[in-house]
There are 2 protein chains.
Amino acid sequence: MTSPANILRSQLEEEIITGLLKENTRLDEVSLAERFGVSRTPVREALIQLTTAGLVVKRPHKGNFVAEVGPTLLIEMFDVMGEYEAMAARLAARRASKEDIEKIREAHLDCTDAVLSGDTDDYYYKNEKFHKTILTAAHNSFLEEQSGILHRRLKAFRRLQLRTRGRMQSSFDEHNEVVKAIEAGDAQKASNEMRKHVVVQGERFADLLATISQRNAEKLIHAAKE
Amino acid sequence: MTSPANILRSQLEEEIITGLLKENTRLDEVSLAERFGVSRTPVREALIQLTTAGLVVKRPHKGNFVAEVGPTLLIEMFDVMGEYEAMAARLAARRASKEDIEKIREAHLDCTDAVLSGDTDDYYYKNEKFHKTILTAAHNSFLEEQSGILHRRLKAFRRLQLRTRGRMQSSFDEHNEVVKAIEAGDAQKASNEMRKHVVVQGERFADLLATISQRNAEKLIHAAKE
DNA sequence: ATATAATTTATTGTATACAACTTCATTGAC
DNA sequence: GTCAATGAAGTTGTATACAATAAATTATAT
């Protein structure tokens with residue numbers, strides 16, 4: 001599990017996700033091998049894994065490149081992420097045990113401190129925990145896994161969002177609605193509130209785009225209105 | 001794209017999905033290499049890809065095994081599949097163009113022939129096309145991709161379901177409800193109808209389980225009732 | 001001088017050789 | 001006779017060597 005190839009994979013994954021390795025950067029096998037002090041074989045294995053994960057694109061006999069996450073794809077991914085979370089909320093509303101609900105309530109309350117102190121980093125973690133708690137309460141490990149994969153991929157963009165002024169308070173308020181719906185066992189409402197909460201829209205959408213490509217922002221704000 | 005490694009991957013994938021290679025079957029690298037007339041390297045590459053896809057599990061220094069799809073996981077996957085399709089229907093209800101709706105209507109009508117002739121194989125293909133049309137109308141290529149991956153993985157189980165008596169007619173009726181909702185632009189209803197349509201429940205659920213393990217069927221019917 | 005073709009260089013894709021680890025069997029001791 | 005320990009065999013993980021393909025540069029012809 002902690003073989004050189006796996007370390008390599010997670011390391012590269014991290015660098016791509018955080019944006020340290022920029023889009024379309026060529027990932028030369030020999031250079032990477034030298035850098036990590038291994039042969040090309042484990043490097044190739046790591047690259048293959050990242051390719052199937054969608055983080056790297058292989059052009060036959062041309063090389064491996066960091067996959068570009070265009071604005072369109074990014075929005076699409078956020079939409080799907082919203083659906084994962086909405087599904088979790090819906091299932092949680094139906095399936096959550098007393099203990100599950102207690103944990104959700106707890107995680108929700110924990111967020112209060114971060115909101116009051118205005119600590120966005122703190123809120124980021126507590127927010128993550130809140131969402132994770134609901135995913136667990138959905139009792140669908142496959143959903144949890146898929147959601148986790150996408151979540152990691154969106155990590156870099158997600159974090160930026162919370163920095164927006166007033167976002168933390170409104171995020172907390174939205175959590176509140178979700179919790180109420182789950183407690184009431186209202187699957188439909190829990191689902192809808194959660195989707196609204198996660199999905200990027202309006203001005204937040206424009207902010208997000210600005211973090212990727214300044215140039216293409218305008219024409220895509222239009223598209224966002226649908 | 002059609003390199004030896006890729007041919008190998010799709011071939012193995014097919015054999016695992018169709019059940020030709022049973023669960024927990026050991027995938028010996030040298031044997032596979034001999035069988036396909038290549039060296040171990042491309043075999044390993046294919047196995048890595050299948051591992052990240054979740055079809056194969058690697059136990060370090062022990063070997064590669066066909067991942068087992070237990071009843072629980074299978075239900076979970078069907079649930080997520082239902083959510084993908086529900087999302088597609090929801091988005092289609094909001095975003096579908098006149099041409100999109102026309103294509104959906106067309107695909108739906110095409111199913112009529114199969115229902116009347118009672119040809120389950122024919123219906124299988126036309127049903128697939130119907131669902132694909134809605135996915136396209138959702139205008140989210142990432143969703144389309146994710147859905148496609150899971151769809152292929154569930155292929156073997158899905159096909160069996162249609163054989164159930166009367167399932168074709170009720171499936172068609174459910175399609176009808178979905179189409180109506182999309183045409184009316186009722187996102188909520190389109191979504192819910194589609195989810196109900198796809199998700200496995202009730203007796204169909206028991207039928208499905210029987211195809212995997214006869215033994216574990218009973219105790220899981222209980223779980224299905226939630 | 002420019003365009004095209006050929007050769008060279010660099011990089012990916014595959015094969016083979018070697019090392020590390022795990023498992024099974026055999027041998028020895030209690 | 002049984003359990004444990006050591007060794008042998010087999011399999012995965014890694015390194016290196018070789019082949020194939022594509023890009024770049026240079027040389028030649030128009």
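Below, read A as the first sequence line, B as the second, and so on, with proteins coming before strands; counting in each chain starts at 1.
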Atom pair distance, as rounded to whole Å: NZ in A:Lys58 and C1' in C:dT14: 13 Å
Does some side-chain heavy atom of B:Glu15 sit less than 4.5 Å from a side-chain heavy atom of B:Lys22? no
Counting just side-chain N and O atoms, does B:Arg26 come under 4.0 Å of either OP1 or OP2 of D:dT12? yes
When rounded to whole Å, the CZ to C1' distance for the pair A:Arg59 and C:dG13 reads 17 Å
Interface polar pairs with nucleotides 19-23 of chain D, N/O, under 3.5 angstrom:
residue, atom, partner, partner atom, Å
D:dA23, OP1, A:Lys62, NZ, 3.3

If I take atom CD in residue B:Glu29 and atom P in nucleotide D:dT11, what distance separates them, rounded to the nearest angstrom? 10 Å
So the salt bridge (Lys or Arg N to Asp or Glu O under 4.0 Å) pairs with at least one residue in residues 36-54 of chain B (sequence neighbours excluded) are A:Arg44-B:Glu45, A:Glu45-B:Arg44, B:Glu29-B:Arg40, B:Glu29-B:Arg44
Which residues share a ring pair (Phe, Tyr, Trp, His ring centres under 6.0 Å) with A:Phe130, sequence neighbours left out: A:His108, A:His175
Closest non-hydrogen atom pair, B:Thr120 against B:Met168: CA-SD, 3.8 Å
For atom CG of B:Asp28 and atom P of C:dT23, their distance in whole Å: 15 Å
Below 3.5 Å is the cut-off: list the nitrogen or oxygen pairs between protein and nucleotides 15-19 of chain C, distance only.
residue, atom, partner, partner atom, Å
C:dA15, OP2, B:Ser39, N, 2.7
C:dA15, OP2, B:Ser39, OG, 2.9
C:dA15, N7, B:Thr41, OG1, 2.8

Between A:Ala137 and A:Ile104, which heavy-atom pair has the shortest distance, and what is it? CB-CD1, 4.0 Å
Short side-chain donor-acceptor distance under 3.5 Å, B:Glu76 and A:Ser141: yes
Rounded to whole angstroms, how far apart are CZ on A:Phe65 and P on C:dT11? 11 Å
I need the CZ-C1' distance between B:Arg9 and C:dG13, as an integer number of Å. 16 Å
Considering only NZ, NE, NH1 and NH2 on the basic side and carboxylate oxygens on the acidic side, decide whether B:Asp79 and A:Arg95 come within less than 4.0 Å. yes
Contacts of type salt bridge (charged side-chain N to carboxylate O under 4.0 Å, His left out), residue A:Asp122, not counting sequence neighbours: A:Lys126
Taken to the nearest whole Å, CG/B:Asn64 to P/D:dT12 is 6 Å
Give a yes/no on whether any side-chain N or O of A:Arg44 is located under 4.0 angstrom from OP1 or OP2 of C:dG13. yes
Within residues 139-152 of chain B or reaching into it, pairs that qualify as salt bridge (Lys or Arg N to Asp or Glu O under 4.0 Å) - sequence neighbours excluded: B:Glu13-B:Arg152
